[in-house]
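Handing you a structure now.
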Amino acid sequence: MSQYHGIDYHVGNTPLIRLRRLSELTGCEILGKAEFMNPGGSVKDRAALGIITDAEANGRLKPGSTIVEGTAGNTGIGLTVIGHAKGYRSHIVIPETQAPEKIQLLRTLGATVQTVPEKPYKDPSNYNHIARRFAEEKGWFWANQFDNTANRLAHYRTTGPEIWQQTGGAVNAFVASVGTGGTLAGTALFLKERNPQVAVVCADPFGAAMWSWFTHGNTETNDGDSVAEGIGQGRVTKNLEGIQVDCAYRIEDQIALTIINQLLREEGLFLGLSSGINIAGAVRLARERGPGQTIVTILCDSGHKYQSKLFNATWLAAQKLDPQLPLESILV
Ligand code: PMP
């Protein structure tokens, strides 16, 4: 055995980055886990590796098999990159509304990519159901990130312990938005086990039902809309089952956009909008609980994947979003 390893070994162990201005403005340590530094460029590499390893162990994934998945992009990228390192092929079903950069990247990486119209989960032509039917028809392995709890287990085994170790156990709160819920649930389970006083917080975009679920126990309030990709869940996935949070916030896209632009201009961090939603949640908690907290959140992926949208003035203007607002505008 060599002492050196391929890229599948190098998922996780990401740095914890201090967000300087927001930390100074709140008197807290606002820290972001740099998940964009994973081999496939997002937090979803952890889930992809966890799902693949679990399926290998229980015999559902055989050498040379094809992995099929419905994904907003990042899970597909993770499954393709890690899959190639381990000798698998991938077939990705993705809603056509997702950023063209992600769709192009999946094709370049060598996945076969099928773009489909965006449909709600209850519709049989929703991207997840299409992926499941493909697996059934072709005998492929369906990763099933939403309801396969190998996803949250990966975060329980890696993201949680890393945060605990990197903060020397001083973490006071963990904030995450929800796509599948794997990141929030797995990390929360680990941190609460270590210290039940760690606050777990859900930052939800408009148009999703997780704020409603965690605050009122129903998924009825899912009004409004968000341009954030990869998050915005309307149902309680298996990865979220049994999970409780200390509080949940609804975050406006404009606030998240203001944050990612400040970080880009002043701190050299180039992030996607779900990272901005997460950081906005961390800032709200800091303001509510006051100075002195160590608050950790997730920098899910990089802005590279969204240049034609989030960093395109014409597109932003059509969404009535302003990239120039000062950071102080979000603290009023
Ligand atoms: N941000 C981005 C950009 C994502 O792609 C995802 C995953 N879909 C998330 C956040 C949320 O992660 P999770 O699925 O673990 O809830």
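Remember, it's a predicted structure, so these values are computed and weren't measured experimentally. Whatever order the structure lists them in is the order used to number ligands and atoms, beginning at 1.
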Could you list which atoms of ligand 1 come closer than 4.0 Å to a heavy atom of G182?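 Reading through ligand 1 atom by atom, the close ones are 15 (O), 16 (O).
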At their closest point, which heavy atom of G292 faces which heavy atom of N172, and how far apart are they?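 Residues G292 and N172, closest heavy atoms: O-OD1, 4.0 Å.
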K238 and its side-chain contact (heavy atoms from CB on, under 4.5 Å) partner, picked from N144, T149, N148: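 The side-chain contact (heavy atoms from CB on, under 4.5 Å) with K238 is passed solely by T149 among N144, T149, N148.
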In the protein, which heavy atom is nearest to atom 2 (C) of ligand 1, and how far is it?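 Its nearest protein heavy-atom neighbour is S274 OG, 3.4 Å.
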Going by the angle between their ring planes, with limits at 30° and 60°, are Y127 and F146 parallel, tilted or perpendicular?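 Y127 and F146: perpendicular rings.
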Cluster link I17 to L273, ILVMFWY, side chain under 4.5 Å: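 In one cluster with I17: L273, yes.
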Show me which atoms of ligand 1 lie under 4.0 Å from any heavy atom of V178.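 With V178 as reference, the close atoms of ligand 1 come out as 16 (O).
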Identify whether V245 and I277 are in the same connected component of the hydrophobic contact network (ILVMFWY, side-chain heavy atoms under 4.5 Å).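 No, it is not one cluster - the side chains of V245 and I277 are not joined through contacts under 4.5 Å.
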Atoms of ligand 1 less than 4.0 Å from D301 heavy atoms?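 The atoms of ligand 1 under 4.0 Å from a heavy atom of D301 are 3 (C).
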V43-ligand 1 polar pair, N/O distance under 3.5 Å: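 Checking ligand 1 against V43, no N or O pair falls under 3.5 Å apart.
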Is there any N or O on G179 that sits under 3.5 Å from an N or O of ligand 1?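 Yes; the residue has a nitrogen or oxygen that sits under 3.5 Å from a nitrogen or oxygen of the ligand.
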Using side-chain heavy atoms (C-beta onward) and a distance below 4.5 Å, is S65 in contact with R60?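 The answer is no, as the side chains (C-beta and beyond) never meet within the 4.5 Å cut-off.
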Heavy-atom neighbours of E252 CD exceed 12 at 6.0 Å: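 Not more than 12 within 6.0 Å, no.
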Does G272 come within less than 4.0 angstrom of ligand 1, counting non-hydrogen atoms of the residue?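 No, G272 has no heavy atom closer than 4.0 Å to ligand 1.
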Please say whether G230 places an N or O atom under 3.5 Å from an N or O atom belonging to ligand 1.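 Yes: some nitrogen or oxygen of G230 is under 3.5 Å from one in ligand 1.
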Quick one: do E229 and K305 make a salt bridge, cutoff under 4.0 Å?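 K305 and E229: not salt-bridged.
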Considering only non-hydrogen protein atoms, determine which one is nearest to atom 5 (O) of ligand 1 and report residue, atom name and distance to 0.1 Å.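 The closest one turns out to be N74 ND2, 2.9 Å.
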Flag H155 as yes when one of its N or O atoms lies below 3.5 Å from any N or O atom of ligand 1, and as no otherwise.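 H155 vs ligand 1: no N/O contact under 3.5 Å.
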Got an N/O contact under 3.5 Å between T75 and ligand 1?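 N/O-N/O distance below 3.5 Å does not exist for this pair.
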Are any of the heavy atoms in Y306 under 4.0 Å away from ligand 1?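 The answer is yes, since Y306 has a heavy atom less than 4.0 Å from ligand 1.
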If the cut-off is 4.0 Å to any non-hydrogen atom of E229, which atoms of ligand 1 fall inside it?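 Here the atoms of ligand 1 in question are 2 (C), 3 (C).
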Closest contact, heavy atoms only, N128 versus W142: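 In terms of heavy atoms, the two residues are closest at O-CZ2, 3.9 Å.
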Are the aromatic rings of F311 and F270 close, with centres under 6.0 Å apart?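 Yes, the ring centres sit under 6.0 Å apart.
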Specify side chain, backbone, both or neither for K44, according to which of its non-hydrogen atoms lie closer than 4.0 Å to ligand 1.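 The answer is the side chain.
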Is T183 close to ligand 1, meaning an N/O of one under 3.5 Å from an N/O of the other?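 T183 vs ligand 1: N/O contact under 3.5 Å present.
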Check: I251 and R284 side chains under 4.5 Å, non-hydrogen atoms: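 Sidechains of I251 and R284: in contact.
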Under 4.0 Å from a heavy atom of C300: which atoms of ligand 1 are those, numbered in the order shown and with their elements?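 By the 4.0 Å cutoff, the relevant atoms are 1 (N), 2 (C), 10 (C).
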Identity and separation of the nearest protein heavy atom to atom 10 (C) of ligand 1: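 The closest heavy atom on the protein side is I231 CG2, 3.4 Å.
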Judging by distance only, is a nitrogen or oxygen of T180 under 3.5 angstrom from one on ligand 1?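 It does: an N or O of T180 is found under 3.5 Å from an N or O of ligand 1.
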